[in-house]
Each structure stands twice: as structure tokens, then as C-alpha cells.
Amino acid sequence: MSRFKCYSVTVTLQTSFPISVLGLFLQLPRFYSVEVSAWRTRPGTFSTDHRDIVNEFTTYCYQKDIPKAMKALDSMQKHKLWADSITYAELIKCCISHRAIKEGKQVHQHVFSNGYEPKTFLINTLLNMYVKFNLLHEAQFLFDQMPERNVVSWTTMIAVYSNSECKYKALRLLIMMLRDGVSPNMYTYSSVLRASEDISTLKQLQCCIIKVGLELDVFVRSALIDSYCKWGEPKAALNIFDEMVTSDLVVWNSIIGGFAQNSDGDESLNLFIRMKRSGFWADQSTLTSVLRGCTSLALLELGRQVHVHVIKFDRDLVLNNALLDMYCKCGSLEDANSAFSRMDVKDVISWSTMIIGLAQNGYSQKAIDLFEAMRTSGIKPNYITILGVLFACSHSGLVNDGQYYFGSMKMLFGVDPGREHYGCMIDLLGRAGKLDEAMKLIHEMKCEPDVVTWRTLLGSCRVHRNMDLAEYAAKKVLSLDPHDAGTYTLLSNIYANSQRWEDVEKLRGLMKDRGIKKEPGCSWIEINKQVHAFLLGDKAHPQINAIHQALSQIIWRLKEEGYVPDTNFVFQDVEGEQMENSLAYHSEKLAIVFGIMSLPKGKAVRIRKNLRICGDCHVFAKLLAKVENRHIIIRDPIRYHHFQDGSCSCGDYW
DNA sequence: CTAGGGTTAG
């Protein structure tokens with residue numbers, strides 16, 4: 001580094017930091033080293049007093065006495081004395097941990113004054129200080145002025161931008177760093193990986209990592225695993241994970257969390273079991289992901305077991321929020337409520353989770369009441385909270401409340417209505433039979449309606465049997481997503497409702513041409529730590545014969561109670577008896593019957609299914625709950641049905 | 001002096 005460049009740093013910095021020009025005036029030689037004798041000032045001017053000042057300063061720095069160190073720094077400044085870099089670095093670290101911003105800046109000013117040339121490592125410490133104080137402009141400014149930048153300098157800045165909104169800046173810095181001839185190390189890569197904005201960038205970075213042989217580092221690997229999971233490729237992440245010779249708890253957490261976030265609860269829980277077998281103990285982060293796995297699979301019993309371990313970390317907000325969500329999504333509002341009231345710190349997510357949980361389980365009024373309680377508690381609702389409230393309104397036909405919250409959300413909570421909020425309103429109006437108003441709202445939307453928007457409208461058309469609008473909406477959906485199997489089914493059911501078997505047939509032909517397979521209905525039930533899955537018309541279950549026998553008996557009993565199978569929900573065009581049979585095979589019926597056979601009397605039957613419940617199964621479950629005196633709970637992809645005493649929590653409105 | 005994991009919707 002040339003001398004000229006070095007001095008130019010000092011001069012540039014004068015603009016933002018008042019620096020004594022005396023040092024510049026004196027034109028100190030560059031090789032003048034304060035490291036050699038910390039107490040010396042300028043050749044020929046050292047004295048015992050001066051030595052005492054520097055020694056005092058050094059002592060205070062190591063004692064972490066900031067006020068006294070700053071005083072000593074003042075007199076050093078006055079007498080143009082210097083301590084060594086390590087001492088300054090200690091003081092800066094001390095300022096960081098005490099959040100002493102003003103003092104930190106003073107040290108900065110001091111080490112750049114009077115021609116003292118701070119070593120790169122000392123500037124790095126200052127850089128780190130600004131980052132820790134979140135003074136990113138100051139950090140960037142200092143970085144720009146550095147006469148020499150090493151790996152640490154570059155990595156510090158890359159880490160800043162990797163954690164910020166401008167991730168591309170981190171990648172740009174990496175390129176600049178390479179051009180500058182500085183080799184990135186494992187620290188650099190584990191930071192920059194978080195900045196990858198698509199899968200191809202990620203793969204390029206992975207190539208660089210392999211080329212320089214850094215792929216064995218656990219930090220780099222955990223960053224790779226996270227990134228692949230973030231881009232929806234948990235299988236690629238698992239490959240990287242399985243190649244690892246050694247792993248640690250964080251790496252396990254990355255892969256377990258990765259699958260949980262990609263809603264693969266099954267694989268997430270399998271990995272958790274593997275982790276336990278490898279002798280690792282779960283921490284807060286592991287448990288959060290495991291709970292999320294239980295949530296997506298609706299495994300209440302397993303979730304309860306996890307709860308026992310959660311108690312050890314009962315001050316952890318994120319973990320408790322995951323626990324709340326687990327109880328809500330497993331349909332146990334009693335547990336969710338008591339967990340919620342036991343939390344002494346609650347944030348937006350805690351409240352939102354509870355509001356959404358109440359809404360999905362059919363307690364719309366309670367959801368709205370809780371939202372009002374949240375407003376008085378002083379926690380500001382966000383985008384998702386309001387979505388939960390609108391969801392509550394739409395699922396109970398509370399049109400006035402919904403319109404009130406939707407109309408005033410910008411003014412009251414400062415949240416602009418987004419596509420999802422419009423979606424809830426379209427749902428609300430549509431279900432309430434106000435299809436014209438729903439259509440009007442679609443035209444008023446500030447953002448383009450998407451597949452979900454039209455699918456929502458289509459759902460309302462089905463409820464109100466509005467054939468023309470249904471066909472219009474379905475065409476919109478299929479033009480945006482020609483492979484949406486659910487829409488073909490919905491449209492087909494609408495045709496079937498009005499006996500338009502020819503159109504049903506045409507539609508099936510279209511599906512065949514386009515190679516669209518209807519997702520088979522599937523239901524799951526957890527019994528005694530085992531999950532039993534039932535597919536539509538499935539014969540694979542070991543007790544399938546007994547289940548079918550029990551199911552026919554139950555259907556007979558229910559028919560005596562007035563049950564009439566509703567054949568509108570049969571997809572195929574079949575007749576009479578045969579039609580009833582294909583209804584009987586609906587997976588949720590098999591699962592319910594199996595639950596009643598296997599669970600102790602009085603215990604609630606909890607089912608999770610992949611498709612929305614059909615009207616016939618809904619009637620079936622209501623009657624069965626009454627006859628058997630059982631609480632039957634079915635979770636479909638959107639909401640929950642609590643069947644009790646012959647009625648459902650959704651009030652037949654879904 | 002620089003690096004890793006977890007929570008709310010659809």
C-alpha cells in the first residue's frame with residue numbers, strides 16, 4: 001500500500017470526523033510504529049509522565065472501566081500519545097458490550113488522528129463495532145475508506161448485507177473481493193450463502209466452495225443445507241447432510257427445520273428420531289421444528305409429549321408460539337387457550353396464532369373478541385393478524401364485521417389490504433350469497449386477481465349453485481393453472497349437482513387429455529403413537545374388512561336416524577346402490593370408523609385429511625357423533641369441523 | 001476482528 005493512499009484515508013475521514021490536523025502537518029513517517037514502544041510519543045519527547053498516562057489507559061481498558069479509560073484517552077490525545085492496537089481493540093470490544101456508542105466513536109476518532117495509522121485488524125474491530133450498533137452507513141463509509149482490506153473486512157461487510165434486505169450487495173461484494181485478490185474463507189461463504197437469491201446462484205456458490213475445498217466445514221454445510229431448504233429443495237439438502245462425517249446440533253436443527261418448513265412433517269420427525277439415536281439432545285430450535293412437524297401432521301399425542309420438553313424452555317417465545325399453533329392446528333383449543341394464558345410475554349405472532357386458531361376451529365366470535373383484546377393490550381396487529389380476523393368473519397358469515405375491519409384496516413392498523421385480504425372478502429361476500437358484490441370487489445382490487453382469487457369465487461359458486469359464474473371462474477382458474485386438479489373436481493361436482501352428466505363426461509375427457517390426475521382423498525388418524533392412513537376405497541389396511549363391516553352397520557343405524565346418502569358428491573356418473581358404495585369408501589368415513597373401533601370410549605376421534613370434506617361425510621359425521629356420543633374432529637386443508645351432539649362447529653357453513 | 005438453526009396465512 002503506498003504512503004499516498006494511506007494519508008488520503010486520514011484526509012478523507014476529516015470530513016466526517018474532526019481530526020486534529022497537527023499530525024498531518026508534522027508529516028510523520030509511515031514506518032513510525034507505536035507497537036514497538038507503546039508509551040513513546042515522538043522521538044526525543046518521551047517522559048515518565050507520558051508513560052504513566054499510557055499505562056493508566058492500558059490498565060483501565062483491561063479492567064473494562066470505560067469512563068476512566070476515556071479520561072485517560074483524552075490526556076493521551078492532548079499529549080499525542082499512543083497505546084498499542086490490541087489495547088484499543090479491547091476498549092472497542094468493551095464499548096460494544098456496553099453499547100457505548102459515543103465512546104466508541106471517540107476511539108475511532110482518536111486512532112485516526114495525528115497521523116497514527118491503525119492496522120487493518122483495528123479498523124476491522126471498528127467496522128464490527130458499527131455493525132453491532134447497527135450503524136450500517138458508518139460501517140460502509142469506514143469500509144470504503146480502508147487503505148487495505150483483508151478477508152475479515154470483506155466478510156464483515158458481506159455478513160451485513162446477507163442479513164439485510166439488499167442481499168445482492170453481498171454477492172456484489174464477493175465478486176469485488178475476488179477481483180481484489182482476497183480469497184474468501186469459510187466465514188465468507190457461510191455468510192454469503194444466505195444471500196443467494198435463487199437456486200442457480202446457490203449452485204454456483206456451492207461449486208466455488210467445492211473448488212476451494214471448504215465443503216467440509218460445518219458452518220458452510222449448515223448454510224448450504226439452509227439455503228437448499230429455503231429454495232424448496234430439502235432432498236438436495238439431505239444429500240449434503242448425509243455426506244457429512246461429523247455434524248453438530250445446529251446442523252441437525254437445520255435439516256429438521258428445513259423439512260418442517262417445507263411442510264414435510266414426516267421426514268422432519270424421522271430425522272428427529274435419527275438425531276436422538278445419534279445421542280443429541282433437543283434444544284429450543286429442535287423442539288420448535290418438531291412441533292411444526294406435529295402441527296402439519298396433526299399429531300396431537302406426539303405434540304403433547306413434546307410439550308413436556310418445552311416446559312424446560314418456558315421463557316422461549318418462539319417455541320411457545322409453535323406450541324400454541326400445534327394445539328390449535330391439532331384442534332385442541334382447550335390446550336391452546338391454557339398455553340396462551342400461561343405465557344407472560346406475548347407478541348404479534350402469539351396473538352395472531354390464537355386468533356387464526358379460534359377462527360379455523362369455528363369460534364369466530366371468540367376470535368374477534370380476542371382481536372379486540374389484542375388491540376387494548378397495545379400489540380399492533382400485522383398483515384396476518386388482520387387476515388385471521390377476516391378469515392373468522394368469512395367463515396361465519398359475519399358480513400358486517402368483515403366489511404368494517406376490511407374498510408378500516410388501513411386507517412386503524414396501517415396495513416394496506418393485500419391480495420389475501422381481498423380473497424377473504426370475496427369469500428365472505430361469496431359465501432353469504434352476494435356473488436355480484438364479490439365480483440365487483442375483484443374488479444376493484446389494486447393487484448391482479450390470481451388463481452387463488454378465482455378459486456375462492458368458484459368455491460362460493462358451488463355453495464350457491466351459481467352455474468354461470470362457476471364456469472366463468474373455473475375457466476379463469478384453468479387459464480392461469482391448467483393443471484389444477486381441484487378445480488376440475490369442483491367444476492365436475494357442480495355439474496353433477498345439476499345432473500349435467502354430459503358435461504361431467506366432457507370434463508373427464510379434458511382431464512385425461514391434459515394428463516391430470518385427481519389427488520386421491522386421504523385421511524389420517526393417530527392411534528396409540530401410530531399413524532393410520534386411509535385412501536379412497538383403500539384395501540391396504542390390515543383391519544380393512546372389519547372396518548367395512550362396522551361401516552355398513554353404522555350406515556344402517558344412521559339410516560334409521562334419517563341419514564340419506566347425498567349422492568351429489570360422487571365424482572363418477574354411476575347409479576343407485578353403486579353410487580352409495582363409492583361414497584362409503586370416502587377415506588374420512590373409514591378413518592372415523594377405525595377411530596371409533598380402536599379408541600377408548602369417550603375419547604375424541606381426530607382425523608386429518610388432504611381434501612376438503614364432502615357434504616355427505618359431513619352429514620354422516622354429525623349423525624354419528626350424536627348416535628355414538630363422540631366428539632369427532634376433522635381437519636381439512638382450510639379449516640376444522642368439530643362434530644358434537646348432531647351438529648358441527650362450522651354451522652354447516654364451509 | 002468475520003460465520004450456522006426455530007414461530008402466525010394460502
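In what follows, every heavy atom counts, from backbone to side chain, and hydrogens, waters and symmetry copies are set aside. Residue numbering restarts at 1 for every chain, and letters A, B, ... go by the order of the sequence lines.
Legend: residues meeting ring-ring contact (aromatic ring centres under 6.0 Å, His included) with A/Y405, ordered by chain and number and at least two apart, are A/F371.
Nucleic acid contact class of A/I356 (heavy atoms, under 4.0 Å, all strands): sugar-phosphate only. At a threshold of 4.0 angstrom between heavy atoms, the contacts of A/V250 include nucleobase atoms, whether or not backbone atoms are also involved. Across all strands, A/Y189 comes closer than 4.0 Å to no nucleic acid atom at all (heavy-atom distances). When heavy atoms are screened at a 4.0 angstrom cut-off, A/V131 is found touching no nucleic acid atom at all.
Because its NZ or CZ atom is not both nearer than 6.0 Å to the ring centre of A/F413 and within 45° of the ring axis, A/K380 does not count as a cation-pi partner of that residue.
The side chain to side chain donor-acceptor pair (under 3.5 Å) pairs that include a residue from residues 164-176 of chain A number zero, where partners must be two or more places apart or lie in different chains.
The distance between atom CG of A/L324 and atom P of B/dA9, rounded to the nearest whole Å, is 12 Å. For A/W252 and B/dG4, the CH2 to C1' distance is 16 Å, given to the nearest whole Å. A/I349 places its CD1 atom 7 Å from the P atom of B/dT8, with the value rounded to the nearest Å. Between the CD1 atom of A/I379 and the C1' atom of B/dT8 there is a distance of 13 Å, rounded to whole Å. Here the C1' atom of nucleotide B/dC1 and the CG atom of A/L142 are 12 Å apart, to the nearest Å. In this structure, NE2 of A/H395 is placed 11 Å from C1' of B/dA9, rounded to the nearest angstrom. Rounded to whole angstrom, the span from the CG atom of A/L91 across to the P atom of B/dC1 amounts to 13 Å. As a whole-Å value, the separation of A/M275 CE from B/dG6 P is 14 Å.
Nearest nucleotide to the A/M186 side chain, out of B/dC1, B/dT2, B/dA3: B/dA3. Residue A/K93 places its side chain closer to B/dC1 than to any other of B/dC1, B/dT8, B/dG4. Among the nucleotides B/dT8, B/dG10, B/dT7, the one closest to any side-chain atom of A/Q360 is B/dG10. When distances are taken from the side chain of A/D347 to each of B/dA9, B/dG10, B/dT7, the shortest belongs to B/dT7. The nucleotide whose nearest atom lies closest to any side-chain atom of A/D217 is, among B/dA3, B/dG4, B/dA9, B/dA3. Comparing B/dC1, B/dG10, B/dT8 by their nearest atom to the side chain of A/N124 picks out B/dC1. Side-chain proximity of A/T288 to B/dA9, B/dC1, B/dT7: nearest is B/dT7. Here the nucleotide nearest the side chain of A/S190, chosen from B/dA9, B/dA3, B/dT2, is B/dA3. The side chain of A/S285 lies closest to B/dG6 when the candidates are B/dG4, B/dT8, B/dG6. Closest to the A/I384 side chain, of the nucleotides B/dG4, B/dA9, B/dG10, is B/dA9.
Between A/Q261 and B/dT8 there is no side-chain polar atom (N or O) within less than 4.0 angstrom of OP1 or OP2. Taking side-chain N and O atoms only, A/R292 has a distance below 4.0 Å to OP1 or OP2 of B/dT8. Proximity of A/K329 to the phosphate of B/dA9: a side-chain N or O atom is located under 4.0 Å from OP1 or OP2.
Within 3.5 Å, a donor on the side chain of A/D316 pairs with an acceptor on the base of B/dG6, or the reverse. At a cut-off of 3.5 angstrom, the base of B/dC1 holds no donor-acceptor pair with the side chain of A/N128. One N or O donor and one acceptor, one from the side chain of A/D248 and one from the base of B/dG4, sit under 3.5 Å apart. No N or O donor and acceptor, one from the side chain of A/T156 and one from the base of B/dT2, sit under 3.5 Å apart.
An aromatic stacking contact links A/F219 with the base of B/dA3, defined here by ring centres under 5.5 Å apart and ring planes under 30° from parallel. In this pair, A/Y187 lays its aromatic ring flat on the base of B/dT2, centres within 5.5 Å and planes under 30 degrees apart.
Using bins of under 30°, 30° to 60° and over 60° for the plane-to-plane angle, the ring pair A/H421/A/Y383 lands in the perpendicular bin.
Salt-bridge check for A/D484 with A/R455: passed, with a basic side-chain N closer than 4.0 Å to an acidic carboxylate O. Salt bridge present: A/R431 and A/D427 bring a charged side-chain N and a carboxylate O closer than 4.0 Å. In this structure, A/R304 pairs ionically with A/D335, as a charged nitrogen and a carboxylate oxygen lie closer than 4.0 Å.
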